[in-house]
Structures are given as structure tokens and as C-alpha cells.
Amino acid sequence: MTNARRLFRVRLLHTAIYGVMATASLLVLYGGITGVRGPWLMVAVGLVVIESLVFVASGLKCPLTAVAVKYGAGQDGLFDTFIPERFTRHTFRIFGPMILLGLALLAVRQWSAAG
């Protein structure tokens, strides 16, 4: 398999993971704001926690970015996802506070309900 094919597959996988994680982040925030619960919320919280642990363990860098670079990302206008880099470069600034706020609101709701 050529590096171009490998890069295509890494970018496809990374784009799919990005979409799932963006959705999970929004669901955590939505659950925190509205108080709506369900199995989807626990899945979203679990995904967000796992993703956060992966980022911390990887030095606050996505491990798939390194794989994409290995196969040629950054050359010829390609990067590590199919999402334009001008959007993905703001991922931490947008989703970090969103996740923290959502988790904090969920914690407050949980403690308020228990007391």
C-alpha cells in the first residue's frame, strides 16, 4: 500500500473520530445545561474522558497526527483530517472549555440531586 493510500485512511479515520468526539462534547454540554440524562450521556462522558486521557498521555497532541505526518500529511496542502486546518487548529480552545463546563454542570446537578 502506498503512503498516499495510508494517509487517506488515516485522514478518514481521524475525521470520523473528530466528528464523534465533537458530537460527544456537545452532548456533554447539552446534558449539563438541560439536565437531560440517558445512556447516550454516559457514552458521551466516557468518550470524552478517554479522549482526554489519550491527549494527556500523548503530551497534549493527537497520536493520529503523528501517524498522518509519517505518511505525508502537511505536504501538498494535506493535513491530518479532511476538515480544513483553519477550523481544527481551534479544537482545544473551543472544545476544552465546552467539555469542562459540561462536566462541571453535570457534577453540580449530580451533587444537588444527591443532597
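We use all heavy atoms of the structure for the numbers below, so side chains are in, but hydrogens, waters and symmetry mates are not.
A donor-acceptor contact shorter than 3.5 Å links the side chain of Thr81 to the backbone of Ile83. In terms of modelled atom types and a separation under 3.5 Å, the side chain of Arg11 and the main chain of Phe79 share a donor-acceptor contact.
For Arg5, there are no salt bridge (Lys or Arg N to Asp or Glu O under 4.0 Å) partners at least two apart in sequence or on another chain. Listed by chain and residue number, Phe82 satisfy the ring pair (Phe, Tyr, Trp, His ring centres under 6.0 Å) test with Phe8 (two or more places apart in sequence, or in another chain). Partners of Thr65 by side chain to side chain donor-acceptor pair (under 3.5 Å), not counting sequence neighbours, listed by chain and number: Asp80. Applying the ring pair (Phe, Tyr, Trp, His ring centres under 6.0 Å) criterion to Phe92, with sequence neighbours excluded, gives Phe55. Residues satisfying the side chain to side chain contact (heavy atoms under 4.5 Å, CB included) test with Ser52, not counting sequence neighbours, are Val48. Qualifying side chain to side chain contact (heavy atoms under 4.5 Å, CB included) partners for Val49, counting only residues two or more places apart in sequence or in other chains: Val45, Leu53. Checked against side chain to side chain contact (heavy atoms under 4.5 Å, CB included), Pro97 has no partners two or more places apart in sequence or in another chain. Not counting sequence neighbours, Thr15 has no partner by the side chain to side chain donor-acceptor pair (under 3.5 Å) test.
Distance check, rounded to the nearest 0.5 Å: NE2 of His14 to OG1 of Thr88 gives 8.0 Å. The distance from atom CZ of Phe95 to atom NE2 of His90, rounded to the nearest 0.5 Å, is 12.0 Å.
Annotation: salt bridge (Lys or Arg N to Asp or Glu O under 4.0 Å) contacts involving residues 44-70, sequence neighbours excluded, are absent. Screening residues 87-99 for salt bridge (Lys or Arg N to Asp or Glu O under 4.0 Å) gives Glu85-Arg89 as the qualifying pairs, with residues at least two apart or on separate chains.
Following chains of ILVMFWY side-chain contacts shorter than 4.5 Å, one cannot reach Leu13 starting from Val67, and the two form parts of different hydrophobic clusters. Placement of Leu7 and Leu12 in two distinct hydrophobic clusters is found when ILVMFWY residues are connected by side-chain heavy-atom separations under 4.5 Å, directly or transitively.
Taking each heavy atom of Tyr18 and Phe87 in turn, the nearest pair found is OH-O, 4.4 Å.
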Throw together a table of side-chain donor-acceptor distances under 3.5 angstrom for residues 98-106, partners on residues two or more places apart or in other chains.
none

Can you give the donor-acceptor pairs under 3.5 Å from side chains of residues 23-40 to other protein atoms, not counting sequence neighbours?
unit_1: Thr23; atom_1: OG1; unit_2: Gly19; atom_2: O; d: 2.9
unit_1: Ser25; atom_1: OG; unit_2: Met21; atom_2: O; d: 2.8
unit_1: Thr34; atom_1: OG1; unit_2: Tyr30; atom_2: O; d: 2.8
unit_1: Thr34; atom_1: OG1; unit_2: Val36; atom_2: N; d: 3.2

